[in-house]
K.L.:
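Have a look at this one.
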Number of protein chains: 2
Amino acid sequence: MNIANESWRSIWIEDGGNSIGVIDQTQLPHVFRTCSLSNCEEIVNAITKMVVRGAPLIGVAGAYGLMLALKDDPSDENLNRSFDYLNSARPTAVNLEWALNRILGKVKDIDPKDRAHAAQLEANLIAEEDVAICESIGDNGLNILKRLAKRKSISFPGEPLNVLTHCNAGWLATVDWGTALSPIYKAHRAGMNLHVWVDETRPRNQGASLTAFELGCEGIPHTVIADNAGGHLMQRRLVDLVLVGSDRTTRRGDVCNKIGTYLKALAARENNVPFYVALPFSTIDWSIEDGLAEIPIEIRSGKEVTHIQGRMDSHLNGSAINSIQLTPNGTEAFNPAFDVTPASLVSALITDRGVINPSSSELNNLLIKS
Amino acid sequence: MNIANESWRSIWIEDGGNSIGVIDQTQLPHVFRTCSLSNCEEIVNAITKMVVRGAPLIGVAGAYGLMLALKDDPSDENLNRSFDYLNSARPTAVNLEWALNRILGKVKDIDPKDRAHAAQLEANLIAEEDVAICESIGDNGLNILKRLAKRKSISFPGEPLNVLTHCNAGWLATVDWGTALSPIYKAHRAGMNLHVWVDETRPRNQGASLTAFELGCEGIPHTVIADNAGGHLMQRRLVDLVLVGSDRTTRRGDVCNKIGTYLKALAARENNVPFYVALPFSTIDWSIEDGLAEIPIEIRSGKEVTHIQGRMDSHLNGSAINSIQLTPNGTEAFNPAFDVTPASLVSALITDRGVINPSSSELNNLLIKS
């Protein structure tokens, strides 16, 4: 995708594979800065501190992290230790473990001296596959957007199709294209008249910062709203569909995504607004059925709620990024990072392998076909 | 209520009625500062800029504003002009017009030279009545909290009753006691084991700033959460009831309250969590039935979404209050300040005249009895 008319990906190999380049997502949208990560520990830190974030990107970053670990020390002991270390960086996304297992499968039974090279080839492959997967999600979702736009044009000719999205499931969360935003990019490039309501997505404001940044770079009309506003907009028929990503989806179609997604799904059902979830096939966790009972929810620091980061709005301080405190001194905050939307609230799952209803049988068919 | 163990109200008469004292709520919780408002224009500014906010307090402030206007010029022309000027300060709250009409009724048919004095007496009366009304809401709501606490103690002895509240419907939004927080203050003073989940309430963060401040001053256990978290907490049985205020309630019980209230009401119904609305009888608008169709929703500046104010978290800058920008430069934001929760989602209305079901017939009975 584009930043200032230059084509970028969210992660790349540098220095002949001795380090990994990423965009520092903690500084966006105010400062565009890249980082070089040259060992496993730096990859873990980048994931934990959300310099890189988004389930698919975390998976790719983790794969490169294991590659860097094997460059340092290709022993079995280091392989296992680094696997566990990387895998513990974020608990909710299933891609991380999935990507690490792909590397492990390629390297565990070969000569340690060949491991780093094999890991690099496999990590590159995962990254390229992610681009292809996200582009397929975009193509599959585009058909839905086209259908909805056609229907809307009958009653409201000339009006844009209004999509509401939560968090950032754009190309910054993947290697390129994104998941929930991929159909939007496809639709925009196909000339469709679109407008995106961007939930700011407290507490980390990935919507207000990253999604708004992405859509702005691509020139797609969008409006940021407080997370509280979505229900009101749906009551007023100002939302034609909700389109979000998923960090983990169970085999019956329960969806674990950024905290607050569930509230939008409830409002969508209540107001007959279709609610779509875009996800790579690889983020389906076939080992679990009941999302509410079985998905561990990451609890992050309360400081993400009590404090917020942005660009100083003061002439004295230039354009420095700063953090401010929102609550009285010493106030406790609780910060669950994800919630679970039951399959019953989801209109359809948009995957790289097709669009399906969120039911055990349709998911199972998708698995069998693949 | 208490601030640093000193008893305060949110509004008071100063200088023999020549000015009105208020707490500057735009500076809380970081700076405690009072303001003197000495003419009608300063009252309008204080309402518009939310130095004073909360439907009941706006009503009292408006009444004092009309008194100040009549001190300057008691003519019919100024009376009518000032009425309209004050009444336009915030469009959603019904208390403002209600309080202004009470003053108008007392002064319109008397000698202009007696008007300011009559207005002062009536405004004082409105303020004192508000305190009594809020205390009654507290007593009526306390019975509900006691019943829920008793039920909870059977299955979960020793565990606190978990109340979720949205925005600030505390004493800062009224003259004293508050509406939604009044039962909580009563319960705490009665020794009940309570814990309050405080929605931060974007975009203006009245929960994170004002409700957390109020509860902290009274020593009531509370935890601030992102507005996105409430659905997840209800799914996990971590909320025993939702208790919110209302800026305007229709004659069938539709409730207009701070944006985001509707989303919590949907989650409460879905998870069998009782959803209570505490309100003064005076905020019921008998002229309208359908809240969604008939209540004008105030659209505030998008800058309240794209920027946020807090205390600088930097040693270089001491404890100055500053504003930071959250979105990319030039990003559009849409900022509806209220939403409407249909009566069907409300378990009961807690008023100063009793607790009733949100139905046309029960509301009508309440009106007839009064």
Side-chain angles (χ1 to χ4, degrees), chain A residues 29-30 197 200-203 205 208-209 212-213 216 222-233 235-236 258-264 266-267 270 292 297 302 305-314 317 321-336 338-340, chain B residues 29-30 197 200-203 205 208-209 212-213 216 222-233 235-236 258-264 266-267 270 292 297 302 305-314 317 321-336 338-340:
Chain A
H30 312 294
W197 295 111
E200 63 173 339
T201 319
R202 282 282 291 151
N205 270 34
S209 53
F213 173 79
H222 63 283
T223 306
V224 173
I225 50 173
D227 302 304
N228 283 323
H232 170 78
L233 295 178
Q235 282 180 317
R236 307 267 160 169
K258 187 59 54 196
I259 189 81
T261 301
Y262 170 58
L263 291 169
K264 295 303 143 62
L266 288 170
E270 184 75 4
L292 203 55
I297 299 293
V305 177
T306 60
H307 292 65
I308 192 168
Q309 182 183 284
R311 192 167 62 78
M312 286 288 300
D313 195 32
S314 147
N317 290 278
I321 290 183
N322 227 306
S323 169
I324 58 174
Q325 179 179 318
L326 303 172
T327 49
N329 288 334
T331 300
E332 298 270 330
F334 183 62
N335 184 19
F338 298 89
D339 62 22
V340 172
Chain B
H30 311 294
W197 296 110
E200 64 173 339
T201 319
R202 284 282 290 153
N205 270 34
S209 53
F213 174 78
H222 62 284
T223 306
V224 172
I225 50 174
D227 302 304
N228 283 323
H232 170 77
L233 295 178
Q235 282 180 316
R236 307 267 160 167
K258 186 59 55 195
I259 189 81
T261 301
Y262 169 58
L263 291 170
K264 295 302 143 64
L266 288 171
E270 184 76 4
L292 203 53
I297 297 295
V305 178
T306 59
H307 292 66
I308 192 167
Q309 183 183 285
R311 191 166 63 78
M312 287 286 299
D313 195 32
S314 147
N317 289 278
I321 290 183
N322 226 305
S323 170
I324 57 173
Q325 180 179 318
L326 303 172
T327 49
N329 287 334
T331 300
E332 297 271 330
F334 182 62
N335 184 19
F338 299 89
D339 62 23
V340 172

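Sequence lines set the chain letters: A, B, ... in the order given, protein chains first and strands last, and positions in each chain run from 1. Keep in mind the model is a prediction, meaning the values are calculated, not measured.
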K.L.:
Quick one: of A229(A), G230(A), P203(A), who has the most non-hydrogen atom pairs under 4.5 Å with chain B?
P.N.:
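Most pairs with chain B among the choices: A229(A).
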
K.L.:
Should the heavy atoms of other residues, nucleotides or ligands under 6.0 Å from CD of E332(B) be counted, would the total exceed 12?
P.N.:
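No, the 6.0 Å shell around CD holds no more than 12 heavy atoms from other groups.
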
K.L.:
Which bit of S209(B) is near chain A, if near means a heavy-atom gap under 4.5 Å: side chain, backbone, both or neither?
P.N.:
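When you check distances to chain A, atoms from both the backbone and side chain of S209(B) fall under 4.5 Å.
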
K.L.:
Side chain from CB out, backbone as N, CA, C, O: work out which of these in P336(B) comes under 4.5 Å of a heavy atom of chain A, or both, or neither.
P.N.:
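For P336(B), the side chain is the part near chain A, not the backbone.
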
K.L.:
Determine the option with the most heavy-atom pairs under 4.5 angstrom with chain B, choosing from T261(A), I297(A), N335(A), T306(A).
P.N.:
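Of the candidates given, the most pairs with chain B belong to I297(A).
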
K.L.:
Compare all side-chain heavy atoms of Y262(B) with those of E270(A) and state whether any distance is below 4.5 angstrom.
P.N.:
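Yes, at least one pair of side-chain atoms sits under 4.5 Å.
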
K.L.:
Is any side-chain heavy atom of L263(B) less than 4.5 Å from a side-chain heavy atom of H232(A)?
P.N.:
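No, side chains not in contact.
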
K.L.:
Search all heavy atoms of P328(B) against all heavy atoms of A212(A) and return the closest pair with its distance.
P.N.:
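Scanning both residues completely, I find the closest heavy atoms to be CD-CB, 3.7 Å.
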
K.L.:
I225(B) and F334(A): which non-hydrogen atoms are nearest, and at how many Å?
P.N.:
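I225(B) and F334(A) have their closest heavy atoms at CG2-O, 3.7 Å.
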
K.L.:
Quick check: does any side chain N or O of N228(A) sit under 3.5 Å from a backbone N or O of R202(B), one acting as donor and the other as acceptor?
P.N.:
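Yes, N228(A) side chain to R202(B) backbone: donor-acceptor pair under 3.5 Å.
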
K.L.:
Report the residue from N329(A), I324(A), L326(A) that forms a side chain to side chain contact (heavy atoms under 4.5 Å, CB included) with R311(B).
P.N.:
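That would be N329(A).
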
K.L.:
Is there side-chain contact between R236(A) and L292(B), with at least one heavy-atom pair below 4.5 Å?
P.N.:
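Yes - at least one pair of side-chain heavy atoms lies under 4.5 Å apart.
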
K.L.:
Can you check whether Q325(A)'s main-chain N or O pairs, donor with acceptor, with H30(B)'s side chain at less than 3.5 Å?
P.N.:
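Yes, because the side chain of H30(B) sits within donor-acceptor range (under 3.5 Å) of the backbone of Q325(A).
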
K.L.:
So which part of T327(A) gets closer than 4.5 Å to some heavy atom of chain B, the side chain, the backbone, both or neither?
P.N.:
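Both backbone and side chain of T327(A) come within 4.5 Å of chain B.
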
K.L.:
Pick from V224(B), N205(B), D339(B): which one has the most heavy-atom pairs with chain A under 4.5 Å?
P.N.:
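Highest number of pairs under 4.5 Å: V224(B).
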
